[in-house]
Amino acid sequence: MTPNNGIMSGKEAFMQRIASRLGRSNPMQTAPEKPVRGVPEHYRDRILSAEERLDTFISNWTALSGKVLIVDEATAAETIGQYLLQVCADHGITRAARWEHDALNGLELDAALQRGGIESLVWREGGDAGLQRRELPTGPEGNWSKRIGLLQAAEQCRLGIVWPDCVIANTGTLALFSQGGKGRSVSLLTEVLFSVFRADQIVTRMGEAFELFKSRYPEAVVMPSSLNLITGPSRSADIENDLTIGIHGPGSVYAVIIQ
Amino acid sequence: MGDGGQKVLEPKKAHSTGDTGSGHTGHEPETSPIGSGLKKRTKEALKDDFLRKAVAFTTDKLRGGRLKAADEFGDWETWRERGRAIRQHTISHLDYYLGQFADNVVKNGGNVHFCHNGDDAVSTFMDIAGRHRAKLVAKGKSMVSEEIHLNHHLEEQGIDAIETDLGEYILQLARETPSHLIIPAIHKNKRQIADLFEADAGRPFEPDTKTLANYAKQKLRNYFLEADIGLTGCNFGVAESGSITLVSNEGNGRMVSTLPKVHVVIMGMERLVPTFEDLEVVLNLLARSATGQKLTTYTSILTGAKRPEDLDGPEELHVIILDNGRSEQLGDPIFQDVLNCIRCAACLNVCPVYRNVGGHTYGSVYSGPIGAVLTPLLQQDMKEAGTLAYASSLCGACYEACPVKIPLHDMLVHLRHRKVKMKLTALPERIAFKVYQTMFGSVTLFKLATKSAYYLQKPLARNGFIKSGPPPLSGWTQSRFMPMLPKQSFRDKWAALQAELAAKPRNGAPAVGGDAKAKGGGGHDAE
Ligand code: SF4
């Protein structure tokens, strides 16, 4: 759906001033000739094999304290279900949120969570229906109490499950095109980020992730409102240079790769 | 969540004890104006041992990280040149790219407000806040909002603005401004942070990183949830899509741009790249130059407010685009390139002056070499702010470190030159240069001066060094020793050397024995 246009104010005088400072009588209307574009060619043309991309991602992701599990396509659902329960047990997690996503649906993770006595929330309208209400962290009044139940419930999930749209090997990054069932909050409000993807989704560098994004949404007006690149756990060095993990976003990050 | 059983949210106004009378941001560290206060702030910084060690340690770490990352990346010079070319192209066609960017934001349902100066931007923000009856604003890191003293104005209106970057939050409690672009609370130690949290919570805190971080995390979490408006800066706008790019390591940028119903972006008008392809370049340069990371933990590229099919994200997006003195640099053959800056802070980390005195000494939002150049230009004030151009050793380390090759050291020289031309330098300095001119114009006077300088310095020196001299020498000796001038000047030595060379026989053998005495007695020692 195309959004309605927003409002613009003060543009004309502002642009006129810029144009005249740059020695033009009016603001330039046609795209200028660009002498350079994007990354240096030697970097852009570097081609990694599928295996190298996998290895590079793993080494970068684990260097950032991320965990990796590689599973076989044939037994993926079962193995991932078990691993998920293991991770939940390690972190004492009783409630998890996940994207509404075809590939994730196919893995039947809700059933696995249920077996482990873990409540699950699916990021769709009413996805919180079966969940027991808990007290809000900010009390019964104020803004937060007026937000949708799904958002409130997601805030109380301590693990989030996502399926990245692609994965960048040379920086160790998950690229999430957040839109609709692929809620931003699932990878943001939780303490543990559990991502699942296929090995063939790994690209070499950031520019390829951008290309994929632009080819899927060639017009800006249909772009997801948020493209998130996540490179390891949330971190801060603000208190006397001590590295603090998980300050606002997830502190533990998992990557499950289906081969 | 629910640490400490704290349920009721009480956004804490930064301690509103008696105002310092600075009439500024509401958390101003001191009151003296930029230029005339520079000396005082320098002295204070030089006395603060913790600050100096912490700044040196941290900047070393960041500098080391940058060098390692650049090394691993390979061919750093090609990258720098690419970064420079992209930024320069964007800035010299800013009318096109800014127009394209704004049109796209609006097409995506966002609202764009062009603001000529800080007051326009503040009143635009106040309008938005008023329409939403906002009481609480959660702020991501935003230098531009510091630049326009937004917090102070919000406080006046009874609106709480909470800084959500951990370092900024600490500074807000301390009512101080940032002293580094990337690590704003670089100068605070754990005990000081624990004291601030104690005053905030009314209970004691151990000066332990985990305990302190947990407290801040819990407090800030509630602010994220309750805020009416999320306010952020913008690292890079992407012209071809009208997207806003935000980077943060903590994730606070994501929080404030996702949870509150209204997201307001305040950005300097120059923070653009034409395309996603160019964004790849600057994101790589920024992360590696700032902290030595391959990529900052979170990079959010936000295009419009939430779409109808989305269940989270802000319902309204406003982009405030600010000039505030920036357009003055456009078309200026010397200073236009300062707008290429990507705010990575690499120049701070290598600057010998910044490393010795830290950020507050500069008395402005932007510190270090980039601050010394940017502040007088943005404020169009050569007299006060222009004095910052002297807070530099002109060693050029900043240029070497800059990922987009801004010749900061050249710009500093040009600023000094401007100041001189405008006759804005201090009287003693002007007298000094007059004297200098006269001395250098006369051989006799020059000889006399070098001789007398040697004898004048004698009472001050110990073991060949002057450790604490009277003014104006004290400006130098308060942070380092001054080597004594030698008894024999180079000119005197030169004469002796000439004589010796003339006496040298053709076959190259030493004329007289080759011992030091024969060379005129002076040798190479300082005395
Ligand atoms: S001037 Fe260069 S080094 Fe300094 S902050 Fe800007 S981009 Fe970074």
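Every chain is numbered from 1 and lettered A, B, ... according to where its sequence line falls, protein lines coming before strand lines. No experiment lies behind these values; they were computed from the predicted model shown. Computed over heavy atoms, backbone and side chain alike; hydrogens, waters and symmetry mates excluded.
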S.K.: Please state whether the side chain, the backbone, both or neither of A:S236 comes within less than 4.5 Å of a heavy atom of chain B.
M.R.: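 Both backbone and side chain.
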S.K.: Is the closest side-chain donor-acceptor distance between A:R17 and B:S327 under 3.5 Å?
M.R.: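 Yes, side-chain donor-acceptor contact under 3.5 Å.
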S.K.: Apply side chain to side chain contact (heavy atoms under 4.5 Å, CB included) to B:L94 and A:R21, showing your working.
M.R.: CA-CA 10 Å; B:L94 196 60; A:R21 293 287 323 175; over 6 Å; no
S.K.: Using non-hydrogen atoms and a 4.5 Å limit, figure out which bit of B:I91 sits close to chain A: side chain, backbone, both or neither.
M.R.: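 B:I91 touches chain A through backbone heavy atoms alone.
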S.K.: With a 4.5 angstrom heavy-atom cut-off, is it the side chain or the backbone of A:E125 that approaches chain B, or both, or neither?
M.R.: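 A:E125 touches chain B through backbone and side-chain heavy atoms alike.
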S.K.: So for A:L151, is it side chain, backbone, both, or neither that comes closer than 4.5 Å to the heavy atoms of chain B?
M.R.: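 The answer is the side chain of A:L151.
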S.K.: Sort B:A216 into side chain, backbone, both or neither according to what part of it lies under 4.5 angstrom from a heavy atom of chain A.
M.R.: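 Contact with chain A is absent: no heavy atom of B:A216 under 4.5 Å.
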S.K.: Answer with side chain, backbone, both or neither: which region of B:I193 has an atom nearer than 4.5 Å to a non-hydrogen atom of chain A?
M.R.: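 Side chain of B:I193 only, per the 4.5 Å heavy-atom cut-off to chain A.
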S.K.: Quick check: closest heavy atoms across A:H248 and B:F224, and the distance to 0.1 Å?
M.R.: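 In this case the closest contact between A:H248 and B:F224 is ND1-CE1, 3.6 Å.
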S.K.: Can you name the closest pair of heavy atoms from B:V281 and A:V39 and give their distance?
M.R.: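 Shortest heavy-atom contact: CG2-N, 3.4 Å.
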S.K.: Using non-hydrogen atoms only, which part of A:I230 is less than 4.5 Å away from chain B: side chain, backbone, both, or neither?
M.R.: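 The answer is both parts of A:I230.
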S.K.: Less than 4.5 Å to any heavy atom of chain A: does that hold for the side chain of B:D120, its backbone, both, or neither?
M.R.: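 For B:D120, neither part sits under 4.5 Å from chain A.
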S.K.: With a 4.5 angstrom heavy-atom cut-off, which part of B:I321 approaches chain A: side chain, backbone, both or neither?
M.R.: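 Both backbone and side chain.
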S.K.: If I measure from the heavy atoms of chain B, does A:N60 come under 4.5 Å with its side chain, its backbone, both, or neither?
M.R.: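 Contact with chain B is through the side chain of A:N60 alone.
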S.K.: With a 4.5 angstrom heavy-atom cut-off, which part of B:H89 approaches chain A: side chain, backbone, both or neither?
M.R.: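 When you check distances to chain A, only side chain atoms of B:H89 fall under 4.5 Å.
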S.K.: Tell me, for A:F213 versus chain B, whether the close heavy atoms (under 4.5 Å) come from the side chain, the backbone, both or neither.
M.R.: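 For A:F213, side-chain heavy atoms alone lie under 4.5 Å from chain B.
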S.K.: What part of A:I7 is in contact with chain B, defined as an atom under 4.5 angstrom from a non-hydrogen atom: side chain, backbone, both or neither?
M.R.: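 Both backbone and side chain.
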S.K.: Under 4.5 Å heavy-atom distance to chain B, tell me which part of A:R134 shows up: side chain, backbone, both or neither.
M.R.: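 Nothing of A:R134, per the 4.5 Å heavy-atom cut-off to chain B.
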S.K.: Check each atom of A:A31 against the heavy atoms of chain B and say whether the ones under 4.5 Å are side chain, backbone, both or neither.
M.R.: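 It is both, since atoms from each part get that close.
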S.K.: Heavy-atom cut-off 4.5 Å, strictly under: side chain, backbone, both or neither for B:A227 against chain A?
M.R.: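 Contact with chain A involves the backbone of B:A227 alone.
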S.K.: Report which part of B:T296 has an atom under 4.5 Å of a heavy atom belonging to chain A: side chain, backbone, both, or neither.
M.R.: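 The backbone, not the side chain.
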S.K.: Please test B:D103 against A:K11 for salt bridge (Lys or Arg N to Asp or Glu O under 4.0 Å), starting from the C-alpha separation and ending with a verdict.
M.R.: CA-CA 10 Å; B:D103 290 345; A:K11 182 180 174 193; 2.8 Å; yes
S.K.: From the options B:E77, B:R82, B:E81, select the one residue that forms a side chain to side chain contact (heavy atoms under 4.5 Å, CB included) with A:P40.
M.R.: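 Option passing the side chain to side chain contact (heavy atoms under 4.5 Å, CB included) with A:P40: B:R82.
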S.K.: Which answer fits A:P250, side chain, backbone, both or neither, if we ask what part of it has an atom under 4.5 Å from a heavy atom of chain B?
M.R.: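 Contact with chain B is through both the backbone and side chain of A:P250.
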S.K.: With chain B as the partner, which of A:K34, A:K182, A:M15, A:H42 has the greatest number of non-hydrogen pairs under 4.5 Å?
M.R.: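 Most heavy-atom pairs within the cutoff with chain B belong to A:K34.
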S.K.: At a heavy-atom separation under 4.5 Å, does A:E33 approach chain B through its side chain, its backbone, both, or neither?
M.R.: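 Interface part for A:E33: backbone (N, CA, C, O).
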S.K.: Give, as side chain, backbone, both or neither, the part of B:P274 having an atom under 4.5 angstrom from any heavy atom of chain A.
M.R.: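 For B:P274, the side chain is the part near chain A, not the backbone.
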S.K.: Tell me if a side-chain donor or acceptor on B:R307 pairs with a main-chain N or O of A:V221 at a distance below 3.5 Å.
M.R.: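 Side chain of B:R307 to backbone of A:V221, a donor-acceptor pair under 3.5 Å: yes, one is there.
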S.K.: What's the shortest heavy-atom distance between B:F114 and A:G10, and which atoms?
M.R.: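 Minimum heavy-atom separation between B:F114 and A:G10: CB-O, 3.4 Å.
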S.K.: Could you walk me through whether B:E240 and A:K214 pass the salt bridge (Lys or Arg N to Asp or Glu O under 4.0 Å) test, one step at a time?
M.R.: CA-CA 11 Å; B:E240 67 167 338; A:K214 278 176 63 176; 2.8 Å; yes
S.K.: Testing the basics here: between A:L22 and B:S92, what is the closest heavy-atom pair and its distance to 0.1 Å?
M.R.: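 Shortest heavy-atom separation between A:L22 and B:S92 comes out as CD1-O, 3.7 Å.
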S.K.: Where is the tightest heavy-atom contact between B:F276 and A:F210, given as atom of each residue plus distance?
M.R.: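 Looking at all heavy atoms of both residues, the shortest contact is O-CD1, 3.4 Å.
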S.K.: Go through the atoms of B:K210 and report whether side chain, backbone, both or neither lie under 4.5 Å from a heavy atom of chain A.
M.R.: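 Looking at B:K210, nothing touches chain A.
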S.K.: A:R44 versus chain B, heavy atoms under 4.5 Å apart: side chain, backbone, both or neither?
M.R.: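 Looking at A:R44, nothing touches chain B.
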S.K.: Does the side chain of B:R254 come under 3.5 Å of the side chain of A:S187 through a donor N or O and an acceptor N or O?
M.R.: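 There is such a pair between these side chains.
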S.K.: Under 3.5 Å, is there a donor-acceptor pair between the side chain of B:D95 and the main chain of A:M28?
M.R.: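 Yes, the answer is positive, given that a donor and an acceptor are paired below the 3.5 Å cut-off.
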S.K.: Going by heavy atoms in the side chains, are B:L225 and A:P137 under 4.5 Å from each other?
M.R.: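 Answer yes - side chains close enough.
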S.K.: Tell me the closest heavy-atom pair linking B:K107 and A:P3, and the distance in Å.
M.R.: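 Result for this residue pair: O-CG, 3.8 Å.
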S.K.: Heavy-atom distances under 4.5 Å only: say whether A:N241 touches chain B with side chain, backbone, both or neither.
M.R.: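 For A:N241, heavy atoms of backbone and side chain both lie under 4.5 Å from chain B.
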S.K.: Distance-only, no hydrogens or angles: does the A:E240 side chain make a donor-acceptor pair with backbone N or O of B:K190 under 3.5 Å?
M.R.: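 Yes: the side chain of A:E240 pairs with the backbone of B:K190.
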S.K.: Give, as side chain, backbone, both or neither, the part of B:L322 having an atom under 4.5 angstrom from any heavy atom of chain A.
M.R.: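 Just the backbone, heavy atoms under 4.5 Å.
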S.K.: What part of B:Q336 gets within 4.5 angstrom of chain A, counting heavy atoms only: side chain, backbone, both, or neither?
M.R.: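 The side chain, not the backbone.
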S.K.: Check whether A:Q179 gets within reach of chain B through its side chain, its backbone, both or neither, counting any heavy atom under 4.5 Å.
M.R.: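 Both the backbone and the side chain of A:Q179 come within 4.5 Å of chain B.
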